[in-house]
Asks: 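Just dropping this structure here.
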Amino acid sequence: MLPATAHAESRFVTGTSSPLTTTANLDFTITIPKFVYLRVGTGTSMATSTTVDNLVYTVPAANVGDGTAISGTGGDLTGGQVTARVMGNNGTIAFSSSTLGAMSNGAGDTISWSQMNVGVTTNTSATALSHPSLVDGSTTSINLPTTSGTKVTNLDARWTFTYRNDNVVAAGTYGGVNANNGRVTYGVSMP
């Protein structure tokens with residue numbers, strides 16, 4: 001027994017009229033999977049990476065609490081700057097940031113996430129990917145725009161984080177590598 005085979009349509013036309021004409025049809029089917037992609041910091045486009053960047057801020061003693069913004073080190077773009085990208089193809093994407101609480105030094109002292117400033121500039125997309133607000137012990141969310149007339153979102157940005165340094169706080173190291181509430185978790189949700 002031979003397997004079923006597919007055949008293109010065919011027509012055979014004869015006659016004496018000029019010109020002889022006919023048509024044949026061919027159908028196409030393209031299947032596109034639903035996907036969502038999120039990158040904050042080090043990563044490879046459309047791939048999974050487990051690297052978590054650590055942004056570090058060191059305040060000079062003479063500037064503690066004087067309101068001088070402190071630039072960081074680290075990040076995939078260095079200097080406290082990271083690449084951020086969200087892509088998806090099934091409608092409006094809710095984009096969120098979550099913290100477990102204010103950053104602490106492990107001795108009962110805290111620095112609020114409101115002390116982190118995020119500068120957003122364009123990267124490769126015409127519209128920069130906005131940053132959701134950072135709130136102590138909370139999740140904030142924004143809806144990202146889709147390309148006009150489609151269900152596609154494709155936004156990226158360069159996010160530059162600085163420490164506002166608005167308050168005199170107790171000495172210590174606040175936050176850290178997944179310690180003392182020093183991690184922000186970003187998330188996306190798409191229908």
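It should be emphasised that the depicted structure is a prediction, and the values quoted were computed from it without experimental measurement.
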Asks: How many angstroms lie between OH in Tyr57 and CD1 in Ile70, if you round to the nearest 0.5 Å?
Replies: 10.5 Å
Asks: For the hydrophobic clusters of this structure (ILVMFWY residues joined by side-chain heavy atoms under 4.5 Å, transitively), does one cluster hold both Met103 and Val82?
Replies: yes
Asks: When you compare the side chain of Leu155 with that of Thr153, does any pair of heavy atoms fall below 4.5 Å?
Replies: yes
Asks: Run the side chain to side chain contact (heavy atoms under 4.5 Å, CB included) test on Asn167 and Gln115 for me, step by step, so that the C-alpha distance in whole Å, both residues' side-chain angles and the decisive distance to 0.1 Å come before the verdict.
Replies: CA-CA 9 Å; Asn167 304 304; Gln115 284 295 300; 3.6 Å; yes
Asks: So, do Trp159 and Val40 sit near enough that their side-chain heavy atoms are less than 4.5 Å apart?
Replies: yes
Asks: Taking atom types as modelled and ignoring hydrogens, do the side chains of Arg85 and Asn154 form a donor-acceptor contact shorter than 3.5 angstrom?
Replies: yes
Asks: For the atom pair CZ (Phe95) and CG (Leu144), what is the distance rounded to the nearest 0.5 Å?
Replies: 6.5 Å
Asks: Identify the two heavy atoms, one from Gly43 and one from Ser49, that lie closest to each other, and give their separation to 0.1 Å.
Replies: CA-CB, 4.1 Å
Asks: What pairs meet the salt bridge (Lys or Arg N to Asp or Glu O under 4.0 Å) rule with one or both residues in residues 105-130, with sequence neighbours excluded?
Replies: none
Asks: Show your reasoning for whether side chain to side chain contact (heavy atoms under 4.5 Å, CB included) applies to Ile111 and Tyr163.
Replies: CA-CA 10 Å; Ile111 295 176; Tyr163 172 56; 3.8 Å; yes
Asks: Looking at Asn105 and Tyr174, would you say the former's side chain and the latter's main chain have a donor-acceptor pair under 3.5 Å?
Replies: no
Asks: To the nearest 0.5 Å, how far apart are OG in Ser114 and CG in Asp136?
Replies: 6.0 Å
Asks: Any luck finding a side-chain donor-acceptor pair between Asn165 and Thr68 under 3.5 Å?
Replies: no
Asks: Indicate the atoms forming the closest heavy-atom contact of Ala157 with Val120, along with that distance.
Replies: CB-CG1, 4.0 Å
Asks: Could you state whether Leu55 and Val177 fall into the same hydrophobic cluster, counting links through intermediate Ile, Leu, Val, Met, Phe, Trp or Tyr residues with side-chain heavy atoms under 4.5 angstrom apart?
Replies: no
Asks: Look up atom CG in Asp166 and atom OG in Ser112, then write down how far apart they are to the nearest 0.5 Å.
Replies: 10.5 Å
Asks: Please tell me whether Ile142 and Val135 are part of a single hydrophobic cluster in this structure, the criterion being side-chain heavy atoms less than 4.5 Å apart.
Replies: no
Asks: Does either side chain, that of Thr139 or that of Ser98, offer a donor lying less than 3.5 Å from an acceptor on the other one?
Replies: yes
Asks: Do Tyr186 and Leu38 have side-chain heavy atoms sitting under 4.5 Å apart?
Replies: yes
Asks: Side-chain contact test, heavy atoms from C-beta onward, threshold under 4.5 Å: evaluate it for Asn178 versus Val52 and give yes or no.
Replies: no
Asks: Should Ser71 and Thr162 be marked as a side-chain hydrogen bond (donor to acceptor under 3.5 Å, both in side chains) after you check the CA-CA gap, both sets of side-chain angles, and the distance that decides it?
Replies: CA-CA 5 Å; Ser71 296; Thr162 54; over 6 Å; no
Asks: Could you tell me whether the side chain of Thr146 and the main chain of Val152 form a donor-acceptor pair under 3.5 Å?
Replies: no
Asks: Using side chain to side chain contact (heavy atoms under 4.5 Å, CB included), reason through Val56 and Asn54 one step at a time and then give a plain yes or no.
Replies: CA-CA 6 Å; Val56 178; Asn54 184 30; 3.6 Å; yes
Asks: Which of these, Leu129, Thr48, Thr83, Thr44, sits in a side-chain contact (heavy atoms from CB on, under 4.5 Å) with Arg39?
Replies: Thr83
Asks: Is a side-chain donor or acceptor of Lys151 paired with a backbone partner of Gly88 at a separation under 3.5 angstrom?
Replies: no
Asks: Looking at OG of Ser45 and OH of Tyr37, how far apart are the two atoms once the value is rounded to the nearest 0.5 Å?
Replies: 5.0 Å
Asks: State plainly whether the residues Arg158 and Asp76 are in salt-bridge range, i.e. N to O under 4.0 Å.
Replies: no
Asks: Within the distance-only criterion (no hydrogens, no angle test), does the side chain of Thr99 pair as donor or acceptor with the backbone N or O of Gly137 below 3.5 angstrom?
Replies: yes
Asks: Under 3.5 Å, side chain of Arg11 to main-chain N/O of Thr22, donor-acceptor pair present?
Replies: no
Asks: Would Thr42 and Asp53 count as a side-chain hydrogen bond (donor to acceptor under 3.5 Å, both in side chains) here? Give the steps.
Replies: CA-CA 7 Å; Thr42 300; Asp53 291 303; 2.8 Å; yes
Asks: For the pair Glu9 (side chain) and Asn25 (backbone), establish whether a donor and an acceptor sit closer than 3.5 Å, ignoring hydrogens and angles.
Replies: yes
Asks: With a 3.5 Å cut-off and no angle check, do the side chains of Thr124 and Asp156 form a donor-acceptor pair?
Replies: yes
Asks: Heavy-atom distance under 4.5 Å between the side chains of Phe35 and Met190, does that happen here?
Replies: no
Asks: Hey, are Ser104 and Thr110 close enough side-chain-wise for a donor-acceptor pair under 3.5 Å?
Replies: no
Asks: Do Val184 and Trp113 come within less than 4.5 Å of each other through their side chains, counting heavy atoms only?
Replies: yes
Asks: About how many Å separate CE of Met116 and NE2 of His131, when rounded to the nearest 0.5 Å?
Replies: 9.5 Å
Asks: Show the numbers, then the answer: is there a side chain to side chain contact (heavy atoms under 4.5 Å, CB included) between Ile93 and Val36?
Replies: CA-CA 9 Å; Ile93 294 174; Val36 67; 4.1 Å; yes
